Structures are given as C-alpha cells and as structure tokens.
Amino acid sequence: MKIAVLPGDGIGPEIIKQAVKILDAFSLTDSIEYASIGGAGYDEFKDPLPEQTLNLALNADAVLLGAVGDWKFDKLPRDMRPERGLLRIRQALNLFANLRPAIMFPELVHTSSLKPEVVSGLDIMIVRELTGDIYFGQPRGISINDNGEQEGINTMRYSESEIRRIAHVAFKTADKRAKKLCSVDKANVLEATELWRKIVTETAIDYPNVELSHMYVDNAAMQLVRDPKQFDVVVTGNIFGDILSDQASMLTGSIGMLPSASLDENNKGMYEPSHGSAPDIAGKDQANPLATILSLAMMFKYTFDDQDKFKLIDCAVKKVLLDGYRTADIYSEGSKLVGCEEMGDAVVERLKG
Ligand code: NAD
C-alpha cells in the first residue's frame, strides 16, 4: 500500500495531519510519502504540480490531498496558480469520476439552513465528471476580438466515450444503492449536454434495475433545496457538478463534513475534502477535519476494498458527533466546541473502541 499525501495550502496541512493520525493508529505511516502541490508547490519548485509530486502520485496506489489555493497567488499567471495544479493532477491520473456523498448525520440536523424535516435522513451521492467539460475544452483564453475589445472564451465539450464511462460509474453506483439515477444537464440550450442526455439514456439499457430520470440544471438547483430527499444518485458534468455538489454540501450543515473520491478506470483514486483551502481560518486550529477523515475512509472503501477500515473510521466519526464534539462550523448551543486538533484526537480515541 503506497499513499501519496499532498497537504497543499491554507487549512490543508492542519486537516491532513488529523487524517494521518488515523493512518498512524492503523500502523500505516510507513505507507505514506509527502509532496507539495498548489501554492506550496509553487513556493518550493515554482510549479503548482512539481514533477516529483506528479511522479509520486503516478506511482502511488492512492493520493490523499488537503486543499489548494490562497489569495496571495491570485496575481500569478493562470498556469502557475494553485488550482491549475489540481486540474493537472486530476487529468494526469485520469481521475474522471468524482463521487461526492452528501449525508445528513442525525446529530447535525439543526445545523442545516433548511428545516429538519426537509433534510433529516438525507443521503445523496453526486457523481461528477471530472476531466472534461468547459474546464478543459479548447479553445480557451482571453484575446482581442475583431472589434478590438477583449473577449474571454471557454468551450464546453464532451465526447461520447467520456459521457458513456461516467454514465456507467453512475449506474453502477445507483445499482448498489436505492437504484434511482437522475442525470442533470441543460439539453434544452447546450448541444454538449444534448449529447450527454442521449448517451446516458442509451447506457440505461445495460441497467434495467435502475430508474433513470433527467433534469435541467436550473431545476436541479431548485429541487435540491425544495425536496433534496427525492434524489438518490445524481450524475452530471464537470461544471454543473462543481456547483451542485457545493450546494448539496450546505444541506448537510457544513462543507467541512463532505468527503470526496476521484477515481480512474481501475479505482485508483485521489481523496480530498469537497471544500477549499479556507484561507480565512488557516492556521487558527478552527478547521473541521471530518471531511478529510471521511475522505480517508472512502480511500479504504474504493481503492483498497477494505470495508472494515472504512466502517471503523465512519463509526468513529459518528461516535464523535454523538458525543457532542463540534468544530465552529457545525457548532450549536449545548455541544462541545473543539478545534481541528482536538477533533482529530477524538476520532482516533474512538477508533480504538
Ligand atoms: P473554501 O471551501 O475554501 O471556503 C468557503 C467557506 O467555507 C469559508 O468560509 C471557509 O472558512 C469555510 N470552510 C471551508 N472548509 C472548511 C472546514 N474544513 N472547516 C470549517 N470551515 C470551512 O472556498 P473559497 O473560500 O471559495 O476558496 C478558498 C481557496 O480555496 C481559493 O483559493 C479556491 O480557489 C480554493 N479552492 C480549492 C479547492 C480544492 O483544493 N479542491 C476547492 C475549492 C476552492
């Protein structure tokens, strides 16, 4: 087992430290090797994805990533910005399938901005395509147009094979859950997503047990806050998935609770919290490490097929919440306010029984 650990920027190192405590509790610290990415990569090697980091990730079985980004890098040329390192590593590892569960823990029902009856029992899996769409499509850039004014261009692009492979992941995921798949697109105005709808519909023939529905993205955004429990698995493209998964995260109280897995064809994966580097709270011991810890749990489930360790971590997180431990983002009166370190320690304690 070889795990590349990339803490990144902002709160990245703090939250990764808590996940590493868990690897330590499993006596797996010998399996890990650290490297820099994002702004940390730029600071060290003038590259947001240094060559040695990419090689380490390519040779590892799985990657555990904190987060990248800091406002201080916003003036760098686009290719040198931290976020570019993230896009490049996803593409280099061919991590086309991003799984983002949005689960409402019963203890946190009152931290959601929605009514308890709307979110209680919520369990959605968003399957987001991660290596295509407008984030990668060419042509792109800012240039001077024929009228002599600046023009920004991005291109939404999806090939049939890209859509088909993510559709298979989504149908298989739904097949193991409540067998309902909702494909989200904007087929009424965007040809790229008209093709998306056609290919997803064709793929459904291989999965007769899964009920497929389609929804336009604007309606999906509305339905997610009106009646989120109507969804089981949602599959969508890169940009719509980016936005809808953040929206879904807030249904559960805090983005600090939401893990993610990004997988290739062979279930090699990169595991990271759904949130960013939160520069506003970096270095203050205020970050919630649970999304990162739950991402580590997903690593055991999807890449290492070790359901025992997945369940151990998942149960330890549930126990910590049941025992009233809360970081500031999920705090409510009467619970025990803790920092990032103490939250990590509390999870490790409960792992040991
Ligand atoms: P963000 O997710 O970093 O923060 C949004 C809000 O959520 C902030 O108020 C932050 O304090 C809070 N938050 C986030 N994670 C938290 C946690 N674990 N515990 C408690 N509170 C938490 O998004 P942003 O502010 O839009 O972006 C900040 C930087 O992160 C930018 O440079 C952006 O490009 C980058 N970013 C990186 C990733 C990634 O690494 N995958 C994803 C999104 C944004």
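This structure is a prediction, so every number in the text was calculated from the model and none was measured. When a ligand or atom number is given, it counts from 1 through the structure's own listing order. Residue indices begin at 1 and follow the sequence shown.
Protein heavy atoms are absent from the space less than 4.0 angstrom from atom 25 (O) of ligand 1. In this structure, atom 18 (N) of ligand 1 has a protein heavy-atom contact shorter than 4.0 Å. For atom 42 (C) of ligand 1, the nearest protein heavy atom lies under 4.0 Å away. For atom 6 (C) of ligand 1, no protein heavy-atom neighbour is present inside the 4.0 Å cut-off.
For K17, the NZ atom is loosely surrounded, since the number of other residues' heavy atoms within 6.0 Å does not exceed 12.
Listed by number with element, the atoms of ligand 1 under 4.0 angstrom from any heavy atom of G256 are 17 (C), 18 (N). Short contacts between ligand 1 and A287, defined as distances under 4.0 Å to a heavy atom of the residue, involve ligand atoms 19 (N). Near G69, the atoms of ligand 1 lying under 4.0 angstrom from a non-hydrogen atom of the residue are 32 (O). Atoms of ligand 1 found under 4.0 Å from any heavy atom of L86, numbered from 1 in the order shown, are 39 (C), 40 (O), 41 (N). For ligand 1, the atoms closer than 4.0 angstrom to any heavy atom of A67 are 40 (O). Listed by number with element, the atoms of ligand 1 under 4.0 Å from a non-hydrogen atom of D70 are 32 (O). Within ligand 1, counting atoms from 1 as listed, the ones closer than 4.0 Å to a heavy atom of E272 are 41 (N).
Between R88 and E83, no side-chain nitrogen of the basic residue sits less than 4.0 Å from a carboxylate oxygen of the acidic one, so the salt-bridge criterion is not met. Contact check on D306 versus K301 returns no salt bridge, with no Lys/Arg side-chain nitrogen under 4.0 Å from an Asp/Glu carboxylate oxygen. A salt bridge is absent between K186 and E191; no separation between the charged side-chain nitrogens and carboxylate oxygens falls under 4.0 Å. The pair D323-K318 does not count as a salt bridge, with every side-chain nitrogen at least 4.0 angstrom from each carboxylate oxygen. Contact check on K198 versus E194 returns no salt bridge, with no Lys/Arg side-chain nitrogen under 4.0 Å from an Asp/Glu carboxylate oxygen. The pair E14-K284 does not count as a salt bridge, with every side-chain nitrogen at least 4.0 angstrom from each carboxylate oxygen.
Scanning the protein heavy atoms around atom 40 (O) of ligand 1, the nearest turns out to be V68 N, 2.9 Å. For atom 2 (O) of ligand 1, the closest non-hydrogen atom of the protein is G276 N, 2.7 Å. In this structure, atom 31 (C) of ligand 1 lies nearest to the protein heavy atom E83 OE2, 3.8 Å. Here the protein heavy atom with the shortest distance to atom 27 (O) of ligand 1 is P279 CD, 4.8 Å. Here the protein heavy atom with the shortest distance to atom 22 (C) of ligand 1 is I281 CD1, 4.1 Å. The nearest protein atom to atom 3 (O) of ligand 1, hydrogens excluded, is given as A278 N, 2.8 Å; this is a heavy-atom distance.
At a cut-off of 3.5 Å, with distance as the only test, no side-chain donor of N94 or D264 sits close to an acceptor on the other residue. For the 3.5 Å distance criterion, the side chains of Y158 and E129 qualify, holding a donor opposite an acceptor.
Not a single donor-acceptor pair under 3.5 Å links the side chain of K336 to the backbone N or O of T327. A side-chain donor-acceptor contact under 3.5 Å links Q247 to the backbone of A221. A donor-acceptor distance shorter than 3.5 angstrom exists from the side chain of K179 to the backbone of D175, with no hydrogens or angles considered. Not one N or O on the side chain of N238 forms a donor-acceptor pair closer than 3.5 Å with the backbone of D133.
Side-chain contact check for P259 versus Y271: every heavy-atom pair is 4.5 Å or farther apart.
Counting heavy atoms under 4.0 Å from ligand 1, residue L65 does not touch it at all. Under 4.0 angstrom from ligand 1, the non-hydrogen atoms of D280 all belong to its side chain.
Considering backbone and side-chain atoms alike, N288 places an N or O below 3.5 Å from some N or O of ligand 1. The shortest N or O to N or O distance between I255 and ligand 1 is not under 3.5 Å. Any N or O atom pair closer than 3.5 Å counts here, and S277 shares at least one such pair with ligand 1. An N or O contact shorter than 3.5 Å links H275 to ligand 1 by distance.
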